[in-house]
> 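There's a structure below that I have some questions on.
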Amino acid sequence: MDDPQERFTDLYDRHYRSVLGYALLRAERDAAEDVSSETFLVAWRRLDDLPEPPLPWLLGVARNLLAKQRDSRHRRQALVDRITALTTSRDHVGWDVADHVIDRESALAALSALPEQDVEAMVFATWYGLPPEQAAAVMGCSVRTYNVRLHRARKRLATALRLEPGGTRPQARTTPTAHTAGGRFQENPET
Amino acid sequence: MTDRLFAQLKPMELEEMTEEAHRRRRSADLAAAFRTPRSARPSRRRIRAPFLLVAGTAAAGVAAAAVIVATGSSTAPPTAPTPSTLPRTARTAIVAKPVDARSFLLAAAATAVREPATSGRYWYLRERTFAKVHVVPGDYMTQIKALLAEEQRKEKELKDKPGELAAQRKEINEKITQLKQSELPYLAFTTDTQDTWRAMKPGAASRFVRDPDVSVTFGSPQDEADWKAAGSPTLTEKRPTTRDDSSERILSIDNPTLTIQNISRLPTGEDALKRRLDTLFKQSPSSARLSRGVYLWQTGVDLMTAPITPGTRSALFKVLAGQDGITAQGRVTDAVGRTGVALSTAGDDGVEFRMIINEDTAELLQYEVVEKGQPLLRVALERMGWADHLGDVPA
């Protein structure tokens, strides 16, 4: 595959969804899609310099572009707020309280109490499966700092899990709307 | 634990949104890029391992032969036809006598790529499963329920004593593990058949049908006598025979990110697929306890029984051909009487994993897990393909 256009198409088809998936965690749909297009345009110009694997590099470019946005439509939003906004009733149906001991809202509430970058560290480790060197490269920090963030996020989340259901429940920062919460809140009046 | 929980927080909507945006923005994004000048630098070409070159040449040779057939029979444009446009008559038997696993797999790769790409609403699979019975289902459920009830009781009792509670949880987990690992004092097997229709549309109902005829066989007459001595417990589970379910089903236990929708986009090039499988292996929740060889076998079975493209199938065979430790065991007959070539890879503790592959079509006929010569599991894939409606069987 030496043809640049072919190589780029392959890169786009392989990674567009991952890049947009990340951008959607930081910005509204339109802005996220613009950032993803821009990311791939940068990738096209730098096609011969792309590292292997290219995904961490692409995510790093998208992350920088998002950080640079000044326009209010594009302003970077809190990760946990975005996760909450993207959550639908299907996620609630799929959630197994028995398995996790804790309900979904409480898990999100516990996350919203964490520093933003700690949650981001979890996203790269768990949703993207990036090894620490790659995730650190995306976040522009040292592997050591990344590992500290990841460790801290896991620890706090684990603490929150142990607190449930007997302990004090952290207050949800974002109130899910009727749409995002589906029918589940009616069944669970104590929330 | 926290990672698993966090993984589940990922909103399902994300996948559909990115999927939809990919379709909608692809052509404009690609066009915008191609209009933009690139920085002029010499391309860094990667050097491929000699073996991969050999594999590539073998497949290319067969493809070239097929091209002549295709262009000879019509006034085809000068471009090379894609595999899906090739006439089925161009298909040849893979090899008369499989020499070794590697050449058999490379030949299978050449066969697979010439199958037409297909699509449909439901992916149908009929599996005949022959499995060793590890526990008496009734007893097992009773014991598990008792343990879970005990756990709940203790959780309430000890909620203000975190130290004791943790110890208690550990103890119950150990008891559950013990129960799961216990073995019966006799060797017995059940044979049953299941039909599955997996909906390709996210959120649509899939159907699982279990044939009511489940048979039990014993390892030896002595095993049967021991079973009778144990009070002839029922070894088959009473489950509902038809179940419609619209929840997302896991396609490949070792690869939680693969779905029935996204596997058709797995790479079709050998190198790209190999890289993807390497990444998936690293991400896999099982990578700590599985060797790469066993992971590849298991994932290979999951993919071969799912709707992947002919290109991915072909690439998968090439990746397997490059994997050490796979040996050909010659022609065998599967549980439903079909003939194929058995390929085997060794796991830990004397467990052996086998695939039986049809020589003419490169289809997976059966997979098996064998421990010290004794089968633990044998699944014959009686039929698979596309169906338009739940309950329809592909022609």
Side-chain angles (χ1 to χ4, degrees), chain A residues 1-2 4-5 8-10 12-14 16-21 24-25 29 32-33 36-37 40-41 43-49 52-53 83 85-88 90-91 93-96 99-102 104 107-108 111 122-123 125-129 131 153-155 157-158 161-162 166-167, chain B residues 1-15 17-19 21-22 24-26 28-30 32-46 148 155-156 159-160 162 165-166 202-203 246-248 256-257 262 265 267 269 271-272 275-276 278-280 282-284:
Chain A
M1 234 203 284
D2 288 333
Q5 299 202 349
F8 179 75
T9 306
D10 182 55
Y12 187 90
D13 287 343
R14 207 130 43 91
Y16 178 84
R17 300 169 193 86
S18 301
V19 171
L20 176 62
L24 280 168
L25 297 178
R29 188 180 192 132
E33 289 183 12
S36 304
S37 300
F40 279 94
L41 203 54
W44 165 254
R45 289 196 211 103
R46 304 275 305 275
L47 196 59
D48 289 333
D49 304 324
E52 190 58 44
I83 296 174
L86 291 164
T87 297
T88 60
R90 279 194 297 134
D91 294 305
V93 173
W95 185 264
D96 189 346
D99 197 17
H100 297 306
V101 195
I102 183 175
R104 197 180 177 96
L108 282 173
L111 279 182
M122 283 292 274
V123 167
T126 315
W127 297 0
Y128 284 89
R154 282 181 174 144
K155 214 173 138 191
L157 207 52
L161 290 182
R162 275 200 296 277
Chain B
M1 175 71 183
T2 51
D3 280 16
R4 207 155 59 89
L5 175 130
F6 191 87
Q8 284 222 353
L9 284 174
K10 186 173 184 180
M12 293 180 192
E13 184 104 328
L14 267 181
E15 180 152 341
M17 286 175 84
T18 54
E19 197 51 64
H22 178 256
R24 181 163 41 78
R25 303 209 38 150
R26 187 176 187 268
D29 279 356
L30 293 178
F34 298 157
R35 279 196 305 270
T36 313
R38 292 192 310 130
S39 61
R41 273 175 220 246
S43 156
R44 290 178 303 171
R45 295 182 59 176
R46 268 174 259 290
L148 291 178
E155 295 267 336
K156 276 190 195 133
K159 69 174 177 190
D160 300 321
L165 186 58
S246 58
S247 64
E248 190 73 31
T257 56
N262 70 20
R265 289 193 309 269
D271 292 0
R275 276 200 300 274
R276 178 69 66 82
D278 283 342
T279 311
L280 284 168
K282 274 185 219 141
Q283 292 173 4
S284 173

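These numbers were taken from a predicted model, which means no experiment stands behind them. In the text below, chain A, chain B and the rest are named by the order of the sequence lines, each starting its count at 1.
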> According to side-chain hydrogen bond (donor to acceptor under 3.5 Å, both in side chains), who are the partners of B:Glu19, at least two apart in sequence or on a separate chain?
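With sequence neighbours excluded, B:Glu19 shows a side-chain hydrogen bond (donor to acceptor under 3.5 Å, both in side chains) to A:Arg17, B:Arg265, given in chain and number order.
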> For chain A, which candidate among B:Pro11, B:Ala7, B:Pro267 shows the most heavy-atom pairs at distances under 4.5 Å?
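Top count of heavy-atom pairs under 4.5 Å with chain A: B:Pro11.
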> Does A:Arg29 have any salt bridge (Lys or Arg N to Asp or Glu O under 4.0 Å) partners at least two apart in sequence or in another chain, and if so, which?
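A:Glu33, B:Glu20.
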> Can you tell me which portion of B:Arg24 sits under 4.5 Å from chain A's heavy atoms? Options are side chain, backbone, both or neither.
side chain
> Should the ring pair A:Tyr16 and B:His22 be called parallel, tilted or perpendicular, given that the plane angle runs from 0 to 90° and is split at 30 and 60?
tilted
> Relative to chain B, which segment of A:Val19 carries a heavy atom at a distance below 4.5 Å: side chain, backbone, both, or neither?
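Neither the backbone nor the side chain of A:Val19 comes within 4.5 Å of chain B.
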> Just verifying a value: how many Å separate B:Glu13 CD and B:Thr18 OG1, rounded to the nearest 0.5 Å?
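Going from CD on B:Glu13 over to OG1 on B:Thr18, the span is 10.0 Å.
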